[in-house]
Protein chains: 2
Amino acid sequence: MSHSGYACLMAMDRDQVLRDAAALLSRKSTATMDEVARAAGIGRATLHRHFAGRDALVRALEELGIREFEVAFDNARLDEGTAVDGLRRLVAEAEPNAELLAFLVTENQLFEGDQVHEGWARLDARVSALFRRGQEEGHIRIDLSPAWLTEALYGLIGTCAWAVMDGRVAAKDFQYMIIELLLGGARRSVEK
Amino acid sequence: MSHSGYACLMAMDRDQVLRDAAALLSRKSTATMDEVARAAGIGRATLHRHFAGRDALVRALEELGIREFEVAFDNARLDEGTAVDGLRRLVAEAEPNAELLAFLVTENQLFEGDQVHEGWARLDARVSALFRRGQEEGHIRIDLSPAWLTEALYGLIGTCAWAVMDGRVAAKDFQYMIIELLLGGARRSVEK
DNA sequence: CCCGAATGAGACATCTCCGTCTCATCGAAT
DNA sequence: ATTCGATGAGACGGAGATGTCTCATTCGGG
């Protein structure tokens with residue numbers, strides 16, 4: 001039977017369509033379904049066969065994003081080593097889905113009547129816990145709240161993803177630019 | 001004659017409408033013209049009397065944003081003192097228009113056929129020059145490109161504006177959170 | 001007190017986009 | 001070569017947003 005092989009191929013295509021859609025929608029949120037389809041290299045009809053409508057597409061983007069980032073978090077093994085090491089691994093794992101994250105962060109439709117999406121809240125909690133652990137270990141400043149550091153991490157990942165898309169930052173520097181700025185800051189060490 | 005006084009009042013109303021529109025559109029870019037009008041506390045007809053259409057509204061947002069930030073840059077006196085001091089003043093001056101900046105950064109319609117808006121490019125150049133000067137003075141790390149630092153500054157301002165809107169960060173901490181993270185980073189100094 | 005400008009609310013036609021449909025074509029498995 | 005499923009292109013009606021209009025009301029100046 002060719003069922004399983006087919007389903008897998010479809011799933012990969014589906015995810016790739018979603019990634020292309022995220023890359024476009026994160027920069028032009030008013031893009032037409034036709035534009036989304038073109039950006040993904042498929043026809044509008046095929047796009048509609050995969051996702052019932054625009055709402056369903058956004059829902060699917062949310063679900064894929066949350067799923068991918070939960071996997072990324074697991075792969076980053078945030079509990080091993082120091083929080084700083086975990087953060088480095090997290091950024092590395094997040095890189096392939098950075099455009100997806102950029103879309104999710106800017107698209108506030110994750111909120112359904114002032115209520116945050118459950119999976120998103122779970123991710124927030126994990127990142128916050130990571131920063132809090134870093135503070136308790138003495139490696140992270142305590143005058144910057146975990147909530148802010150979490151938002152800043154998301155923001156910097158999205159910003160850097162856009163900068164790479166626009167050619168302002170080299171793709172190979174993605175992790176370095178984010179981690180070095182987030183951890184070390186722009187100021188040059190005085191004692192140097 | 002009541003002409004001049006009237007024009008001034010209108011201009012203030014107009015700018016306030018634009019600010020409200022930016023705050024809404026930066027979080028819900030698909031918002032209806034009616035929603036924009038409600039968010040600004042005016043009727044849809046009045047909104048249309050000020051701005052011919054949605055495109056005109058976005059154009060006006062661009063122009064206001066660029067104008068406000070050029071004023072902010074002037075007020076920040078970027079040439080006086082060290083680049084770091086100039087950066088501090090810049091963030092302080094930018095705070096009142098942070099939501100506007102958040103809209104402009106995420107809304108990529110500043111690009112008209114792969115060509116960046118002229119005024120925006122000018123602002124970019126000023127920020128980049130500021131960071132470059134900081135590097136030459138020895139106060140800013142040279143392994144982080146001015147282009148990336150510029151984007152990161154915009155990104156952090158927008159992110160922090162959203163965090164304040166969502167109640168994740170206290171409004172009074174706005175400048176501190178941005179400046180401290182951007183300059184010093186999250187890592188706690190080792191020699192402490 | 002009166003007058004004029006600006007506003008808000010609503011009606012209306014128009015237009016764009018959406019969702020669904022059909023049909024011809026393509027590719028892969030048999 | 002044949003068949004079956006998926007795809008792309010295009011047509012179609014419908015829904016929602018847009019842009020324009022009118023009209024009653026309000027507000028401020030004369």
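First the proteins, then the strands, lettered A, B, ... as listed; each starts at 1.
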Angle between terminal axes - the helix from C:dC1-D:dG30 to C:dT30-D:dA1, 5 pairs each end, rounded to 10°:
30°
What residues form a side-chain contact (heavy atoms from CB on, under 4.5 Å) with [X], not counting sequence neighbours?
X	value
A:Thr150	A:Asp124, A:Val127, A:Ser128, A:Phe131, A:Tyr154
B:Asp34	B:Thr32, B:Arg38, B:Arg44
B:Glu63	none
B:Ala170	B:Lys172, B:Asp173

How many Å lie between [atom1] on [X] and [atom2] on [N], as a whole number?
X	N	atom1	atom2	value
A:Phe51	D:dT7	CZ	P	12 Å
A:Leu57	C:dC18	CG	P	11 Å
A:Leu47	C:dC17	CG	C1'	13 Å
A:Arg38	C:dC18	CZ	P	13 Å

Do A:Asp74 and A:Arg126 sit within salt-bridge range, that is, some charged N less than 4.0 Å from a carboxylate O?
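Salt bridge flag = yes for A:Arg126 with A:Asp74.
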Starting at the 5' end of nucleotides 15-24 of chain D, put B wherever the base has a protein heavy atom under 4.0 Å, S where only the sugar-phosphate does, and a dash everywhere else.
--SBBB-B--
Side-chain donor-acceptor distances from residues 65-72 of chain A under 3.5 Å, at least two apart:
from: A:Glu68; atom 1: OE1; to: A:Asn97; atom 2: ND2; distance (Å): 3.3
from: A:Glu70; atom 1: OE2; to: A:Arg122; atom 2: NE; distance (Å): 3.1
from: A:Glu70; atom 1: OE2; to: A:Arg122; atom 2: NH2; distance (Å): 3.3

Who passes salt bridge (charged side-chain N to carboxylate O under 4.0 Å, His left out) against B:Arg133, sequence neighbours left out?
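Per chain and number, B:Arg133 pairs via salt bridge (charged side-chain N to carboxylate O under 4.0 Å, His left out) with B:Glu137.
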With sequence neighbours left out, write down each residue that passes salt bridge (charged side-chain N to carboxylate O under 4.0 Å, His left out) with A:Glu180, or none if nothing qualifies.
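Expected list: B:Arg141.
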